[in-house]
Amino acid sequence: MSGLSAKRISGGGWGERGGPPNADRVRIVVGHLYPEYLNIYADRGNIAVLAQRAAWRGHELEVQVVSADDPLVPGAHDLLYIGGGQDREQALVARDLVSKRGAVLEAAAGGAAVLAVCGGYQLLGRFYRFGNGEELPGVGLFPHHTIAGERRMIGDILLETELEGERRTIAGFENHAGRTYLDADAEPLGRVVAGFGNDGESGHEGCRVGRAIGTYLHGPLLPRNPWLADWVLAQAIAHRTGEAPRFEPLDDQLEDEAHAVSSQRARARGGRF
Ligand code: GLN
């Protein structure tokens with residue numbers, strides 16, 4: 001089993017602890033939006049994975065909380081992370097988030113990476129409409145809108161995706177009432193192999209705009225999809241240094257097993273209502 005602090009780069013090279021000595025060390029700054037409200041799906045687990053995988057490569061992840069009334073300075077963060085929350089928590093942060101709309105859009109346009117999960121993914125679209133017709137305005141980073149449905153879409157989910165020409169599967173768990181409708185020309189994060197995805201019908205899941213990705217997958221997402229964690233890290237580093245690194249692979253045996261188990265559960269479940 002791989003230990004937490006002593007992971008081997010597969011193929012050797014840097015020894016037990018992994019990572020380059022010092023020269024290429026990067027401090028990756030993450031802005032974690034509203035962690036005290038949007039955190040119901042072990043979203044901190046995603047940050048922990050990013051921090052550890054960065055450390056194994058000899059880099060450092062600094063996490064700054066950006067909460068209500070905190071300024072968001074475009075360019076200050078290499079990655080913006082926003083997690084999941086229920087309608088009530090979403091309503092509590094929506095007004096503040098909209099006040100940061102310009103900064104979020106400017107940060108993304110400047111090349112910052114964005115990872116948005118579930119409730120956060122909904123709020124980075126144009127709006128979220130509750131069952132009673134009331135709407136929360138969104139940021140408009142992702143070209144979509146979300147409308148709450150009557151039945152929740154819950155269960156293991158498997159996607160097939162392609163990022164930078166590399167085709168992979170992403171496994172996770174979804175739990176949402178919102179149906180997210182992408183604009184016709186929007187790029188989904190992936191195609192649903194098993195599960196519901198954005199709206200239970202289109203066969204699409206998530207959304208990608210440049211270095212920003214939004215998804216309904218949690219569980220948390222990154223521990224069972226280390227490849228995606230590395231993609232996010234590489235995008236964040238590219239914002240800082242101007243170039244996405246080519247990471248040496250890590251020994252991800254445990255992570256790969258988690259991915260396989262999760263994929264299998266999703267496949268066994270099939271999909272759809
Ligand atoms: N409002 C969301 C829903 O569709 C909340 C999603 C989430 O983060 N659970 O249920």
Side-chain angles (χ1 to χ4, degrees), residues 32-47 49 65-68 80-98 100 104 114-157 159 170-182 186 188-190 192 195-207 212-225 228 232 262 266 269 271-273:
H32 190 170
L33 288 155
Y34 314 108
E36 71 279 51
Y37 292 107
L38 302 179
N39 57 19
I40 57 170
Y41 294 129
D43 296 294
R44 286 192 176 89
N46 287 330
I47 300 276
V49 166
V65 169
V66 181
S67 206
L80 293 176
Y81 181 87
I82 180 164
Q86 294 298 357
D87 291 6
R88 181 174 169 279
E89 284 74 32
Q90 288 177 281
L92 289 173
V93 305
R95 185 187 298 263
D96 188 82
L97 182 58
V98 165
K100 294 178 169 59
V104 173
V114 178
L115 178 57
V117 175
C118 215
Y121 167 49
Q122 294 174 343
L123 289 179
L124 290 191
R126 276 193 301 271
F127 63 83
Y128 175 61
R129 186 181 301 154
F130 296 109
N132 66 6
E134 279 176 34
E135 273 180 22
L136 295 178
V139 164
L141 172 64
F142 295 120
H144 70 58
H145 64 274
T146 302
I147 300 177
E150 287 184 358
R151 298 177 62 178
R152 297 191 72 78
M153 300 194 272
I154 305 176
D156 295 282
I157 172 167
L159 315 181
I170 303 178
F173 192 88
E174 59 183 326
N175 180 356
H176 52 109
R179 275 87 172 132
T180 294
Y181 300 100
L182 300 185
L189 173 62
V192 177
F196 296 107
N198 279 337
D199 57 12
E201 288 175 359
S202 62
H204 290 155
E205 204 292 322
C207 190
I213 55 176
T215 178
Y216 275 112
L217 273 62
H218 49 79
L221 168 72
L222 299 181
R224 58 181 89 173
N225 297 289
L228 185 64
V232 171
S262 186
R269 157 213 176 172
R272 312 301 146 105
F273 294 108

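Residues take their numbers from the sequence shown, with the count starting at 1. For ligands, and for the atoms within them, numbers begin at 1 and follow the listed sequence.
Of the candidates Gly85, Gly149, Gly84, Ala177, Gly85 brings a heavy atom nearest to atom 5 (C) of ligand 1.
Near Cys118, meaning under 4.0 Å from one of its heavy atoms, ligand 1 places the atoms 6 (C), 7 (C), 8 (O), 9 (N). In the vicinity of Arg152, heavy-atom distances shorter than 4.0 Å reach the ligand 1 atoms 10 (O). Residue Gly119 approaches ligand 1 through these ligand atoms, each under 4.0 Å from one of its heavy atoms: 6 (C), 7 (C), 8 (O). Taking a cut-off of under 4.0 Å to the non-hydrogen atoms of Asn175, the atoms of ligand 1 that pass are 9 (N). For ligand 1, the atoms lying closer than 4.0 Å to a non-hydrogen atom of Asp87 are 1 (N), 2 (C).
Ranking the protein heavy atoms by distance from atom 2 (C) of ligand 1 puts Gln122 OE1, 3.2 Å first. With hydrogens left out, the protein atom closest to atom 9 (N) of ligand 1 is Tyr41 OH, 3.0 Å, a heavy atom. Scanning all protein heavy atoms for the shortest distance to atom 4 (O) of ligand 1 gives Gly178 N, 2.6 Å.
Shortest non-hydrogen contact noted between Val49 and Pro223 is CG2-CG, 3.6 Å. Shown here for Asn46 and Pro220, the closest heavy-atom pair between the two residues is OD1-CB, 3.3 Å. Here the closest heavy-atom approach between residue Tyr34 and residue Ser67 is recorded as CE2-C, 3.8 Å. In terms of heavy atoms, Phe173 sits closest to Arg224 at N-NH1, 4.4 Å. Summarising the geometry of Asn198 relative to His176, their closest heavy-atom pair is O-CE1, 4.1 Å, with the distance given to 0.1 Å. Minimum interatomic distance between Leu182 and Ala186 (heavy atoms only, all atoms of both residues): CB-CB, 3.9 Å.
Within the 4.0 Å heavy-atom criterion, neither part of Thr146 lies near ligand 1.
Note on ligand 1: Tyr121 sits outside its first shell, no heavy atom being nearer than 4.0 Å. Heavy-atom distances between His218 and ligand 1 stay at or above 4.0 Å for every pair. At a 4.0 Å cut-off, not a single heavy atom of Ala148 sits close enough to ligand 1 to count as contact.
Checking Val117, Val114, Leu228 one by one against Ile213, the side-chain contact (heavy atoms from CB on, under 4.5 Å) holds for a single residue, Leu228. Of the candidates His145, Gln90, Glu134, Glu135, Gln90 is the only one forming a side-chain contact (heavy atoms from CB on, under 4.5 Å) with Tyr128.
Residues Glu205 and Thr215 have side chains that bring a donor and an acceptor to within less than 3.5 angstrom of each other.
Considering backbone and side-chain N/O atoms, His176 never comes within less than 3.5 Å of an N/O atom of ligand 1.
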